[in-house]
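Nothing fancy with the numbering, it's 1 onward along the sequence. From a predicted model like this one, the values you see are computed outputs, not experimental measurements.
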Amino acid sequence: MIEYEDYGTATWRYWQKIRNDAGARGSFQSRPPVPVRAHVMFERDGEVWLDGTATRLGFDGAIFVEIKDRRVQAIGAWLPPDDVWWEGKPVSSQLRSAP
């Protein structure tokens, strides 16, 4: 895993495509934001777990996670539910174990 000392404002030099981004979708916000760990697959740096905040739920189950990382071009990404972990998430619904 590659870590950067400065997680400040992203610039085009650091941006990377997120390979497991589910793309934009219709959503709703029915709960307050939740702190989560997100499994993100960057095009160059590979798989990493990042802290984020889940703010929206897609009608198909995808979760929008705000991620503060210089490699992320936008404010976050839509991720499949199996790539997002939060405190109290049932173990049976986790395909990967979060660090």
Side-chain angles (χ1 to χ4, degrees):
M1 177 170 95
I2 297 176
E3 294 194 29
Y4 298 99
E5 292 179 22
D6 176 21
Y7 287 95
T9 304
T11 65
W12 64 269
R13 294 184 305 252
Y14 304 108
W15 291 343
Q16 295 184 44
K17 181 179 179 183
I18 297 175
R19 294 185 301 169
N20 61 329
D21 188 339
R25 57 204 55 245
S27 68
F28 62 94
Q29 181 178 2
S30 63
R31 298 183 177 169
V34 176
V36 298
R37 295 279 291 164
H39 175 249
V40 179
M41 294 187 291
F42 287 110
E43 65 180 337
R44 292 188 305 273
D45 292 346
E47 298 183 25
V48 297
W49 282 92
L50 299 172
D51 291 325
T53 304
T55 59
R56 298 225 172 254
L57 179 63
F59 290 108
D60 63 351
I63 300 169
F64 185 79
V65 179
E66 291 181 4
I67 303 168
K68 291 184 168 110
D69 189 286
R70 69 182 346 165
R71 297 169 285 187
V72 180
Q73 180 178 357
I75 123 184
W78 283 99
L79 299 173
D82 291 336
D83 288 342
V84 181
W85 180 87
W86 58 88
E87 191 66 39
K89 183 175 183 178
V91 175
S92 61
S93 66
Q94 296 178 19
L95 296 179
R96 296 181 185 87
S97 59

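- Taking CG from Asp83 and CH2 from Trp78, the interatomic distance works out to 14.5 Å, rounded to the nearest 0.5 Å.
- With Asn20 contributing its side chain and Met41 its backbone, the two residues share a donor-acceptor pair below 3.5 Å.
- Across every non-hydrogen atom of Thr55 and Pro33, the tightest pair is CG2-CB, 4.3 Å.
- No side-chain heavy atom of Val34 sits under 4.5 Å from any side-chain heavy atom of Lys89.
- Clustering ILVMFWY residues whenever any of their side-chain heavy atoms sit less than 4.5 angstrom apart, transitively, puts Val48 in a cluster other than the one holding Ile75.
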*Apply the test side chain to side chain contact (heavy atoms under 4.5 Å, CB included) to residues Trp15 and Val72: give CA-CA distance (whole Å), side-chain angles for both, the deciding distance (0.1 Å), then the verdict.*
CA-CA 6 Å; Trp15 291 343; Val72 180; over 6 Å; no
*Please report the C-alpha distance between Arg37 and Asp51 in whole Å, then the side-chain angles of each, then the deciding distance to 0.1 Å, and finally whether the side chain to side chain contact (heavy atoms under 4.5 Å, CB included) criterion is met.*
CA-CA 5 Å; Arg37 295 279 291 164; Asp51 291 325; 2.8 Å; yes
*Can you check side chain to side chain contact (heavy atoms under 4.5 Å, CB included) on His39 and Leu79, steps first, answer last?*
CA-CA 8 Å; His39 175 249; Leu79 299 173; over 6 Å; no
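- Nearest heavy-atom pair, Ala62 versus Ala22, reported as atom, atom and distance to 0.1 Å: CB-CB, 4.4 Å.
- Annotation: side chain of Phe42 is in contact with side chain of Ile18 (closest heavy-atom distance under 4.5 Å).
- Note that the CZ atom of Arg71 and the CD atom of Gln16 stand 6.0 Å from one another [nearest 0.5 Å].
- Annotation: side chain of Tyr14 is not in contact with side chain of Asp45 (no heavy-atom distance under 4.5 Å).
- Shown here are the side-chain contact (heavy atoms from CB on, under 4.5 Å) partners of Leu57, two or more places apart in sequence or in another chain: Phe28, Ile63.
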